[in-house]
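What follows is a short report on a single structure.
Reckoned from all heavy atoms, side chains included, excluding hydrogens, waters and symmetry mates. In the text below, chain A, chain B and the rest are named by the order of the sequence lines, each starting its count at 1.
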Amino acid sequence: MDQKGYRRGSFQSATSDEDMLEIAGASVDFSMADDDPPLDREMGGFSSYNGGGMNGTSTMMDFLEEPLPGVGTYEDFNTIDWVREKSRDRDRHREITNRSKESTWALLHSVSDAFSGWLLMLLIGLLAGSLAGLIDISAHWMTDLKEGVCLAGFWFNHEHCCWKSNTTFTDRDKCPEWKSWSQLILGHGEGAFAYILNYFMYVIWALMFSLLAVLLVKGFAPYACGSGIPEIKTILSGFIIRGYLGKWTLVIKTITLVLAVSSGLSLGKEGPLVHVACCCGNILCHLFTKYRKNEAKRREVLSAAAAAGVSVAFGAPIGGVLFSLEEVSYYFPLKTLWRSFFAALVAAFTLRSINPFGNSRLVLFYVEFHMPWHLLELVPFILLGIFGGLWGAFFIRSNIAWCRRRKTTRLGKYPVLEVFVVTAITAVLAFPNEYTRMSTSELISELFNDCGILDSSKLCEYVNDFNSTKGDDLPDRAAGPGVYTAMWQLALALIMKVFITIFTFGMKVPSGLFIPSMAVGAITGRLLGVAVEQLAFYHHDWAIFSGWCSQGADCITPGLYAMVGAAACLGGVTRMTVSLVVIMFELTGGLEYIVPLMAAAMTSKWVADAIGREGIYDAHIRLNGYPFLEAKEEFSHKTRAMDVMRPRKNDPPLTVITQDTMTVEDVETIVTSTTYSGYPVVVSRASQRLVGFVLRRDLIISIENARKKQDGIVSTSVICFTDYCPPLPPSSPSVLKLRSILDLSPFTVTDETPMEIVVDIFRKLGLRQCLVTHNGKLLGIITKKDVLKHIAQMANQDPDSILFN
Amino acid sequence: VLFPQAHRMFGQSSRNSVSPVLLLVLLGCALCVPAQASKSSEDIRCKCICPPYRNISGHIYKKNVSQKDCNCLHVVEPMPVPGNDVEAYCLLCECKYEERSTTTIKVIIIIYLSVVGALLLYMAFLVLVDPLIRKPDPYTQPLHNEEDSEDTRSLATVPTLAGARANTVLERVEGAQQRWKRQVQEQRKTVFDRHKMLS
């Protein structure tokens, strides 16, 4: 004990990093050494809790006690120990820095180690950008494949097929090389029979694509379904899900994302692109030791990869970094900010050089108008915000209810049939209405578009008065019949999208949420914009319009209303704030529109928050019971640590291991009879004074290894966690020393500590468990799962829904 | 004493440095193909759309010019209006510079279709052919409930850390495939059967 106390004191006072080696068998007498004490080279370096000081450090210097493979790694569906990982990385870095003074090679090694992070970001950006280009081009082609095929080369989609041919002004979309299916089969494209044939082929293709997608997901990589963002949020907070970011998941997710988007289902590809980018990040981490072995550093890389994913999805690098910061990441150190930006830029640049949209734009609906807006238009913008908030809350409630039904009832037993039925309904309902037949990205692009002279779509069929046109600026005009048709078609499309997305999000194919929400918002915005425009045109003498909207002026831009509506709906569902505004204005290039976008985003967030606290991703995390400790919510109850800790009053006492009196057999019995993931080590059962904490996995691995490799370890061998094991009679079997796997500095709180502080400690330090002491003696343990259950209980939710460890 | 560590670390890092180099080479090849191909002259154009003007109908003009020459005056030929009307007409026209790479598109679509085809074939193989040629799997775990599975897995995975090295390439491939199949089965159970994740 005295040596221990001395050691701890000397940890804090020693300043030099000179590591002395521990000579096998002999133990150094501390009481004489007032210069640098030998540090124990333990695997899984334990940081000094009182901040700073020496760590029991890395194994690399200890040539006697090599780390066992497996010690220090984690089980599947467990939480990592952030403190341990971070201190391991600091030790590694310190060792490399020290060694760099010795030889040129070591210096180069330290320089390359420092640059490995940047090289990794570069590779992630390249890979994410290339995959996004592949997804975009393939999705574009396959979406058009439902309607027809290009005779000049089957790999061209409609737009590229007609690129070279001479199209007339009135028929800009038609060209002889592109044949719709009825034209191909029947030879002509007109008539009822041709329409029915087109309809039939559309539905057949949609069903084929979605069936193929769900079969591939089910057969090869079941983790590839869904959006991926809730699970990535949980992984980034410290949870381990093996295989979720693996090679097969990457391949299957990329392939089936294209299939799912092309099948006409009401889903988007932005959320799955984040998953794809994180898979790239995880796979490329294996190339660098620094990131492969350390789970905390790997999560920094994954944060940056998520930023790259959003950056290629929207063509918004800054928005991507902010999205990663706000929505996805749990800990976001400043170093990660710069690296995420670099990764996002490289990804955006790679995508741009692949050039999927033929005009050097990254996103299909990049619009660039700079029409001014008037302050009075803030009223309809705020109305759009309110609509967005209401729709967001409605969508979250209904989607969670449907997903819960899928989880608990027989509906969940037929995933393939579910996908088939939903696709069939979507395709059958979507084909008649031209606004649902086109892909959702194209719809959004058309809705964002401001009508110019050259636009021949139905939405732009205003009554034109050619004598008064001056250049390209069209004044507000009366709506022609085409606009009225478009309005009710858009209203039908809105209703369909609102309802079908509830059943689509969460199916067993990759599905994103951004594009459908933006579509709902854009349709509503455009409807409102056209309504306001017509109101201003017909009643330009009213007081509210006469000041700024005289006859013949172009004052209302319905495209802007569509944009603001899209932002409002997206904000209502995901509860994004800054990142949403930045993404929207990076999408449109219009810095003038920040104020309307912010007004709508804030209104929608307030309205949605008033109805339900959680965004869609947090709601899915809670639905699945992931152990995610929400970092944004305050814990405001007056409970104390003793109310939450285990064991409770009626439970059997805490399972502990003594430091030097238990045999191998005793420990194995404890390990097999309980399922705890770690055990406190105490001096003796009578005193219950804390020595440290040992993890179950490390115990199992060490004991198995010792039984095989070390001589004389049998079931009656004593396990000793201290440096100085008590002397045993010579006839007893040799002692198994397991000091190297013991964490000497577990976090402790007293039983009177308020739970607010305990929750704060768990959040800020990323703890997995925390020991509770009373008057210096060990009383119980609080794990992260206990904290989550307690929070759920306090919020009157079901504490049994926390499933994972 | 330091040299064994340095040697081991060096060995590790050189093993690691081989794969990034390889990956970079592959990535470079993958990207240089589309980059080279985009220089084909058919894929660059300037497209001007001119709406109906007075009694002239709308027309679309395309011409292969560079980006700075992409405006109405260079592309619209022959000019349908007399000289003093040209400016008014050109104000209505909208000219855009477009470029694309047909080779990139072709390569990407063909890569995608071949990957889908390969996956379909592999799935057909696994479903139809594999059960016929393979004996009952000695590694299939007996059915046990969820609480036990994590424990037994944890105790069982430990010995495999020092597991026997497969002798031939074929055995190694088969071992890897078995492990992968087990992993997919576990994932399928988690997602589809127990609905523990991703519902």
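Using a 4.5 Å cut-off between heavy atoms, A:Phe220 contacts chain B through both its backbone and its side chain. Both the backbone and the side chain of A:Leu259 come within contact range of chain B, with heavy atoms under 4.5 Å apart. Heavy atoms closer than 4.5 Å to chain B are found in both the backbone and the side chain of A:Leu215. Of the atoms belonging to A:Lys508, it is side-chain heavy atoms, and not backbone ones, that fall under 4.5 Å from chain B. For B:Lys106, the parts sitting under 4.5 Å from any heavy atom of chain A are the backbone and the side chain alike. With a 4.5 angstrom heavy-atom cutoff, B:Cys50 touches chain A only via backbone atoms.
The 12-atom threshold is not exceeded at CD of B:Glu87, counting heavy atoms of other residues, nucleotides or ligands nearer than 6.0 Å.
The shortest heavy-atom contact between B:Gln187 and A:Arg242 is NE2-O, 4.3 Å. Taking all atoms of both residues into account, the shortest heavy-atom contact from A:Cys225 to B:Val191 is SG-CG1, 4.0 Å. Nearest heavy atoms, A:Gly219 versus B:Val184: O-CG1, 3.6 Å. In terms of heavy-atom proximity, A:Leu134 sits nearest to B:Tyr112 at CD2-CD1, 4.3 Å. Heavy atoms only, all atoms of each residue included: A:Trp163 and B:Ile44 are closest at CH2-N, 4.1 Å. Of all non-hydrogen atoms in A:Trp155 and B:Thr102, the two that sit nearest each other are NE1-O, 4.5 Å.
In this view, A:Arg406 and A:Glu418 satisfy the salt bridge (Lys or Arg N to Asp or Glu O under 4.0 Å) rule, not counting sequence neighbours. In this structure A:Cys285 satisfies the disulfide bond (SG atoms under 2.5 Å apart) test with no other residue, sequence neighbours excluded.
Of the inter-residue distances, the one linking A:Leu212 atom CG with B:Leu120 atom CG reads 5.0 Å to the nearest 0.5 angstrom. Rounding to the nearest 0.5 Å gives a distance of 9.5 Å between CG of A:Leu145 and CD1 of B:Ile109. Here the CE atom belonging to A:Met142 is positioned 7.0 Å from the CG atom belonging to B:Leu113, to the nearest 0.5 angstrom. A distance of 5.0 Å separates CD in A:Glu231 from CE in B:Met197, rounded to the nearest 0.5 Å. Note that CZ of A:Arg404 is 14.0 Å distant from NE2 of B:His195, once rounded to the nearest 0.5 Å. Here the NZ atom belonging to B:Lys196 is positioned 5.5 Å from the CZ atom belonging to A:Phe77, to the nearest 0.5 angstrom.
Inter-residue side-chain proximity for A:Val416 and B:Phe192 is flagged as unmet; no heavy-atom pair is nearer than 4.5 Å. Between B:Val115 and A:Thr254 there is no side-chain heavy-atom pair separated by less than 4.5 Å. Here the side chains of A:Asn157 and B:Ile105 are not in contact, with every heavy-atom distance at 4.5 Å or above.
Among the candidates A:Gly412, A:Pro230, A:Ala221, A:Gly506, the residue making the largest number of heavy-atom pairs closer than 4.5 Å to chain B is A:Gly412. In terms of non-hydrogen atom pairs under 4.5 Å with chain B, the most contact-rich of A:Tyr223, A:Phe154, A:Trp141 is A:Tyr223. Your options are A:Leu216, A:Val251, A:Val258, and the one with the most heavy-atom pairs under 4.5 Å with chain B is A:Val258.
B:Arg188 contributes no side-chain N or O that, together with a main-chain N or O of A:Pro222, makes up a donor-acceptor pair within less than 3.5 Å.
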